[in-house]
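This structure is a prediction, so every number in the text was calculated from the model and none was measured.
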Amino acid sequence: MRKIQLFALILVLAVAQFAMAATPKDTLVMASRIDDIITLDPAEIFEFSGAEYAANAYDRLIGYDVDNVSDIFGVVAESWTIDPDGKTYHFSIRKNITFASGNKLTADDVVFSLQRVIKLDKSPAFILSQFGFTPENVEQTIAKTGDYSVKIVIDKPYAPTFFLYCLTSTAGSVVDKKEVMKHASGGDLGYEWLKTHYAGSGPFKLKTWKPSETLIMDRNDQYWNGSSAMKRIIIRHITESASQRLLLEKGDIDIARNLQPDDVKGLAGNSDIKVRKKAKGAVWYLGLNQKNPYLGKPEVREALKYLIDYKGMESSILDGKATIHQAFLPKGFLGALEEIPYELNAEKAKALLKKAGLENGFEITMDTRNSEPTTSMALSIQASFAKAGVKLEIIPGEGKQTLTKYRARNHDIYIGRWGPDYMDPHTNADTFARNPDNSDDAKSKPLAWRNAWDIPEMTKLADAAVLEHDSAKREKMYLDLQREHQKVSPFVIMFQDIEIMAKRANVNGFILGPSFDSNFYNEITK
Amino acid sequence: MSKERLLNHLYALGRLLAVVLTTFLGLLLVTFLIGRVVPIDPVLAVVGDKASPEVYERARIAMGLHLPLWKQFFIYLQNVLSGNLGTSVLTARPVLEDILRVFPATIELAVTGTFLGVIIGVPLGVLSAVYRGSIIDHITRVIGLFGYSLPIFWLGLMGLMILYANLDLLPGPGRVDMFYEDIVTPVTGLMLVDSLLAKEYDIFKNALSHLILPASLLGYYSMAYLSRMTRSFMIEQLRQEYIITARVKGVAEWKVVWGHALGNCAIPLITVIALSFGGLLEGSVLTETVFAWPGLGLYLTNSLLNADMNSVLGSTIVVGAIFLSINLFSDFLYKVMDPRAR
């Protein structure tokens with residue numbers, strides 16, 4: 001027996017040897033959900049995690065202050081002027097930028113990058129092509145006028161901030177023309193290569209990307225705007241909130257990006273860990289399909305807006321992860337409407353339903369993706385709908401499955417989350433308040449189309465707002481548009497997202513912006 | 001060789017080929033159809049929710065989804081036969097390349113698990129056969145019962161909670177600590193071997209510590225199965241007359257048990273071990289998810305959740321091929337070791 005005890009002791013000691021130390025001083029280890037990344041090419045990236053990668057690996061023409069979005073400044077573009085016609089923009093390019101490859105960044109690279117977005121025509125290309133660029137005309141409309149100057153001609157005299165904000169998006173990233181073209185094959189402009197490789201000038205360069213596993217970036221020592229204290233950033237894909245929390249508490253990671261409210265609460269007493277929050281642009285909403293005869297009635301649409309327990313959800317399910325918001329422009333955007341006229345009121349809802357001839361309620365289904373917090377929100381909505389006799393059947397499904405149904409307009413109600421594509425108000429007006437063609441084979445299919453909401457008048461108003469140059473007037477146009485929209489639209493807009501990030505107390509300088517392409521790592525210290 | 005024997009051999013070979021081919025074809029067809037029938041739009045996985053209709057349509061045509069189903073299957077079959085499993089949506093890389101990259105992690109886990117299962121399970125089985133009804137037999141049975149009935153993800157989570165979260169004896173999920181990721185260049189893909197080749201002894205130690213818990217769990221399941229099987233094989237052998245003869249001749253008892261009886265169990269045991277190894281490869285889907293172990297199981301799970309049908313089909317073919325070859329291999333060993341089976 002003695003021997004066995006001794007053996008056990010040795011075994012325990014041997015195993016204890018393996019218990020680990022903290023992460024190295026110059027390496028940041030972060031747990032996050034990065035399985036949405038499907039490409040590393042800035043001309044194609046349209047996902048949250050991908051946008052964050054591009055923000056740290058590439059430089060864009062224009063940037064904005066993350067705390068005051070209306071403050072726009074040049075990054076790769078040092079300055080710019082706009083001709084009186086409102087359509088011609090002249091950019092002068094910063095001269096001291098070198099790509100990680102050692103090549104100098106010049107006007108050639110800028111022109112190549114923007115033309116490339118148009119020619120490749122991947123998912124985010126519309127952000128630029130909505131200004132009238134086509135593969136045929138882009139050689140003329142986006143052109144080099146000197147080694148460090150670029151001229152861009154757009155099709156209509158839009159509000160200047162609309163165009164400039166679009167250049168702050170990932171599609172406005174500048175890629176290294178020489179490096180990319182070295183790997184081009186068959187006229188693909190390096191597309192196959194850049195999907196999994198890197199050709200940028202940002203503070204960090206790509207080391208490895210293993211999809212749904214790890215993304216590792218190393219410091220780019222060529223970076224022109226201050227060297228990062230971190231030599232390496234390791235992002236590990238970890239889905240579960242509880243696992244992220246455990247790793248953070250153990251010190252195996254420095255930052256956890258996807259904690260659920262329960263786990264954030266559980267960290268409250270821990271002085272080694274700090275929690276930071278930042279309002280993001282995404283809004284949570286219900287889409288009511290106008291093809292459904294009940295939902296097509298205006299009284300029913302408004303009644304359902306009174307049948308949501310906004311406060312209850314905000315304080316329980318979404319605790320800290322979202323704030324009540326009922327207009328299509330999120331707070332922080334020009335013209336965002338912050339009024340919240342709707343709250344849970346079953347009596348008002350009943351009266352409205354009676355007016356619609358539905359005093360006994362009706363039955364309806366809702367397609368719900370089976371992940372949190374969507375599932376819990378659906379349950380809360382089911383309970384509050386029942387207060388006015390509306391029987392809600394929840395149809396759970398995998399994310400892409402519910403989306404497939406939604407895009408085909410085969411749903412009754414869809415519960416979803418929508419993130420803006422760039423910081424100008426037109427991004428959400430374009431999808432929530434514009435529907436140029438409601439036919440089944442329409443060319444453009446915004447959210448208003450997906451819910452079969454035919455609105456020729458409102459579409460005209462939204463089109464006029466984006467051409468207004470006077471900022472104050474433009475703001476008023478959006479406020480009016482949202483008030484009308486709030487009342488009549490088939491969108492029950494409920495909440496605006498808040499990003500929660502938990503970090504070890506010694507980690508500082510992570511810049512959290514209002515969107516994922518403005519989350520920056522280069523000032524992090526630990 | 002007589003003409004008749006040659007014909008017999010040819011016949012056996014032909015039958016084997018027919019079995020392998022139909023199994024593969026069936027496997028492919030069923031997986032392919034499931035992939036097309038699920039109400040998920042595979043184009044969405046490629047272009048994302050916000051793509052314009054033109055971009056969407058172009059991607060649909062590029063993926064060949066506008067063709068009739070039988071044509072799609074035929075094209076897929078042609079590609080597979082020429083060694084092209086298609087490109088993964090999720091990773092933007094050829095599926096075959098992906099599988100070769102992730103598979104060593106699964107092998108490392110399954111080999112270690114099977115090894116542990118054999119060195120513990122077989123002796124336990126022998127002992128409980130020899131001392132039938134004794135305390136050892138009962139303990140083995142209870143342990144085996146747990147191994148059969150407890151779901152592996154539960155044991156995995158409990159193991160992590162106790163040994164990692166509470167006691168701090170073992171590291172958390174993953175193949176190595178995160179800051180060791182991607183330091184060693186993969187040669188074999190086996191972390192233990194690669195870290196030794198690169199003379200990174202800290203990483204070797206770290207990788208070994210990460211392997212302990214998941215491999216022990218898989219080993220436990222394999223052990224539960226092997227000890228039961230060994231026990232019944234041994235009981236069968238110990239009843240044989242040659243054992244009585246050996247004992248009468250005065251051969252030492254340990255030699256009778258471990259030499260004569262166990263030696264004669266070797267052939268069925270090999271089949272059982274091979275099957276258990278195949279089972280571990282397949283059973284690793286849950287283990288790999290719990291332990292964030294970047295192997296084939298996790299790859300398959302991720303692909304499924306992202307409607308990445310090329311990867312799902314590719315992984316299925318690989319797992320199917322391995323199962324088939326394990327079966328063929330154990331049949332072959334059987335014939336080599338037992339002249340009666342020839």
### Query
Is any side-chain heavy atom of A:L246 less than 4.5 Å from a side-chain heavy atom of B:M161?
no
### Message
Using side-chain heavy atoms (C-beta onward) and a distance below 4.5 Å, is A:R407 in contact with B:Y56?
### Response
yes
Which region of [X], side chain (C-beta onward) or backbone (N, CA, C, O), has a non-hydrogen atom less than 4.5 Å from a non-hydrogen atom of chain B, or is it both or neither?
{"X": "A:K405", "value": "neither"}
{"X": "A:I37", "value": "backbone"}
{"X": "A:L247", "value": "both"}
{"X": "A:K443", "value": "both"}
{"X": "A:I234", "value": "side chain"}
{"X": "A:T196", "value": "side chain"}
{"X": "A:L40", "value": "neither"}
{"X": "A:L120", "value": "backbone"}

Which one of [options] has the most heavy-atom pairs closer than 4.5 Å to chain B?
{"options": "A:T239, A:T208, A:T431", "result": "A:T208"}
{"options": "A:I216, A:T27, A:I253", "result": "A:I216"}
{"options": "A:K445, A:K250, A:Q401, A:K195", "result": "A:K250"}
{"options": "A:D421, A:V29, A:L28", "result": "A:D421"}

Looking only at non-hydrogen atoms, find the nearest pair between [X] and [Y] and report the distance.
{"X": "A:R236", "Y": "B:G174", "answer": "NH2-CA, 3.6 Å"}
{"X": "A:D121", "Y": "B:V55", "answer": "O-CG2, 3.3 Å"}
{"X": "A:P211", "Y": "B:R93", "answer": "CD-NH2, 3.7 Å"}

### Task
Measure the spacing between CG of B:L157 and CD of A:E240 and express it to the nearest 0.5 Å.
9.0 Å
### Query
If you round to the nearest 0.5 Å, how far is CD of A:E213 from CG of B:N302?
9.0 Å
### Message
With a sphere of 6.0 Å drawn around CZ of A:R369, does it hold more than 12 non-hydrogen atoms of other residues, nucleotides or ligands?
### Response
no
### Query
Just wondering, are more than 12 heavy atoms of other shown residues or ligands nearer than 6.0 Å to NZ in A:K207?
yes
### Query
Any sub-3.5 Å donor-acceptor pair from A:K210's side-chain atoms to B:P294's backbone N or O?
no
